[in-house]
Amino acid sequence: MSQEDITLTAGDAEVTLQPGNGGRVGGLRVAGVQLLRQGDRFGCFPMVPWCGRIRDGRFRDGADVHQMPLNSPPHAIHGTARDGAWKIARTTTDEAVLTYDLVEPWPYPGRITQVATLTPDALTLTMSVETYGSSFPAQIGWHPWFHRTLDGGEPVRLDFTAAWQEERGEDHLPTGHRVEPKPGPWDDCFGMPDGVDVTLTWPGQLELKVTSREEWVVVYDEQEAAVCVEPQTGPPNGLNTLPRLVTPLEPLEASTTWSWRRL
């Protein structure tokens with residue numbers, strides 16, 4: 001199938017998917033109001049096969065050390081799948097399935113499948129990473145850019161309770177120490193052992209909850225235009241510090257749900 005954008009609809013919600021632009025969610029409208037920052041680099045992109053930064057772009061798998069391109073020098077950031085064109089496996093009015101085959105510079109063959117399911121008051125994104133051959137470490141995450149303000153209203157408020165914050169070194173990577181959560185602004189990873197649960201409230205307009213069974217979320221609100229709430233299967237640099245192994249018998253799977261209600 002072609003790589004043109006896909007539109008999903010349910011009730012007054014509309015989602016645009018961009019398979020040709022890294023399999024990202026290009027937009028989410030609720031009652032005609034766009035919630036995601038627009039532009040080729042924004043929307044919400046999948047972070048896979050790793051999330052956030054890898055120190056110096058290098059990760060070890062057994063005796064092998066692999067070097068990824070330094071697309072955020074001196075580190076490699078956010079995986080390779082957001083730079084590729086995804087294929088459309090199938091699509092209906094309110095659901096789409098996209099696939100992406102891992103290629104160089106990622107050193108292992110494998111396939112990523114992403115399912116987007118829309119209801120009138122929620123969007124669920126599910127991703128899996130499978131290998132056809134050797135096992136390899138991987139991570140899954142999502143990087144949405146939510147508008148700070150909607151149609152000139154009040155700025156969004158972020159509410160969440162984390163068990164810990166990953167201490168961030170001067171190189172922007174976790175030091176390995178967990179500290180008490182600190183007040184923002186943030187470009188930081190938080191731990192939520194009972195699952196990610198972050199509420200975004202645009203006062204008088206909309207409340208949106210980002211949830212996931214995963215334990216880690218990066219919150220980034222240092223930009224004027226948008227805030228990011230990024231559920232992921234491990235912390236930044238996790239390929240080195242907390243690898244999740246994809247094996248022929250056991251794919252890596254994760255999902256996130258955004259649910260909303262009018263205020």
>> Thr199 vs Lys209, test: side chain to side chain donor-acceptor pair (under 3.5 Å). Steps then yes/no.
In response: CA-CA 4 Å; Thr199 302; Lys209 275 182 154 333; 2.9 Å; yes
>> Within the 4.5 Å heavy-atom criterion, are Leu150 and Leu35 side-chain neighbours or not?
In response: yes
> Sequence neighbours excluded, which residues qualify as ring-ring contact (aromatic ring centres under 6.0 Å, His included) partners of Phe136?
Replying inline: Trp106, Tyr108
>> For Glu130, is there an ion pair with Arg111 - N to carboxylate O distance below 4.0 angstrom?
In response: no
> Members other than Tyr220 in its cluster, when Ile, Leu, Val, Met, Phe, Trp, Tyr link by side-chain heavy atoms under 4.5 Å?
Replying inline: Phe42, Phe45, Met47, Trp145
> Any chance the side chains of Thr99 and Lys87 put a donor and an acceptor closer than 3.5 Å?
Replying inline: no
>> List the residues meeting side chain to side chain contact (heavy atoms under 4.5 Å, CB included) with Arg58, not counting sequence neighbours, and say none if there are none.
In response: Asp56, Val65, Gln67
> Are the side chain of Glu215 and the backbone N or O of Asp194 linked by a donor-acceptor pair below 3.5 Å?
Replying inline: no
> Is the backbone N or O of Gln34 less than 3.5 Å from a side-chain atom of Glu14, with the two atoms forming a donor-acceptor pair by type?
Replying inline: no
>> Test side chain to side chain donor-acceptor pair (under 3.5 Å) on Glu167 and Thr175; report intermediate values, then the result.
In response: CA-CA 6 Å; Glu167 183 182 63; Thr175 63; 2.7 Å; yes
>> Please find the pair of heavy atoms, one from Met68 and one from Pro105, that lie closest to each other, and give the distance.
In response: CE-O, 3.2 Å
> Under a 4.0 Å N-O cut-off, is there an ion pair linking Arg55 with Asp171?
Replying inline: yes
> How about Asp188 and Val218: do any of their side-chain heavy atoms sit closer than 4.5 Å?
Replying inline: no
> Are Arg168 and Asp187 ion-paired here, with the side-chain N under 4.0 Å from a carboxylate O?
Replying inline: no
> Is Val156 linked to Trp260 within one hydrophobic cluster, defined over Ile, Leu, Val, Met, Phe, Trp and Tyr using a side-chain heavy-atom separation of less than 4.5 Å?
Replying inline: yes
>> What I'd like to find out is whether the side chain of Leu98 reaches to under 4.5 Å of the side chain of Thr113, using heavy atoms alone.
In response: no
>> Are more than 12 heavy atoms, taken from residues, nucleotides or ligands other than Asp40, located less than 6.0 Å from that residue's CG atom?
In response: no
>> Between His78 and His143, is the ring-ring contact (aromatic ring centres under 6.0 Å, His included) condition met? List the steps.
In response: CA-CA 9 Å; His78 295 334; His143 195 307; 4.9 Å; yes
> Can you find a heavy atom in the side chain of Ser135 that is under 4.5 Å from one in the side chain of Pro248?
Replying inline: yes
> Can you find a heavy atom in the side chain of Phe59 that is under 4.5 Å from one in the side chain of Pro107?
Replying inline: yes
> Is there any salt bridge (Lys or Arg N to Asp or Glu O under 4.0 Å) pair reaching into residues 227-253, and which pairs are they, with sequence neighbours excluded?
Replying inline: Glu214-Arg244
> How far apart are the C-alpha atoms of Arg261 and Asp121, what are their side-chain angles, what is the distance that settles it, and do they pass the salt bridge (Lys or Arg N to Asp or Glu O under 4.0 Å) test?
Replying inline: CA-CA 7 Å; Arg261 65 182 185 96; Asp121 55 8; over 6 Å; no
> If you measure only the distance, is there a donor-acceptor pair under 3.5 Å linking the side chains of Gln223 and Arg148?
Replying inline: no
> Who are the side chain to side chain contact (heavy atoms under 4.5 Å, CB included) partners of Pro109, not counting sequence neighbours?
Replying inline: none
> Taking Trp258 as the fixed residue, which of Leu125, Thr211, Val15 is the one that meets the side-chain contact (heavy atoms from CB on, under 4.5 Å) rule?
Replying inline: Leu125
> Which atoms form the tightest heavy-atom contact between Leu28 and Leu36, and what is the distance?
Replying inline: N-CD1, 3.9 Å
>> What I want to check is whether the side chains of Glu95 and Thr117 have a donor and an acceptor closer together than 3.5 Å.
In response: yes
>> Run the ring-ring contact (aromatic ring centres under 6.0 Å, His included) test against Trp186 and tell me which residues pass, sequence neighbours left out.
In response: Phe160, Phe190
> Taking a hydrophobic cluster as the set of Ile, Leu, Val, Met, Phe, Trp and Tyr residues connected by side-chain heavy atoms closer than 4.5 Å, whether directly or through intermediates, do Met127 and Ile88 fall within one such cluster?
Replying inline: yes
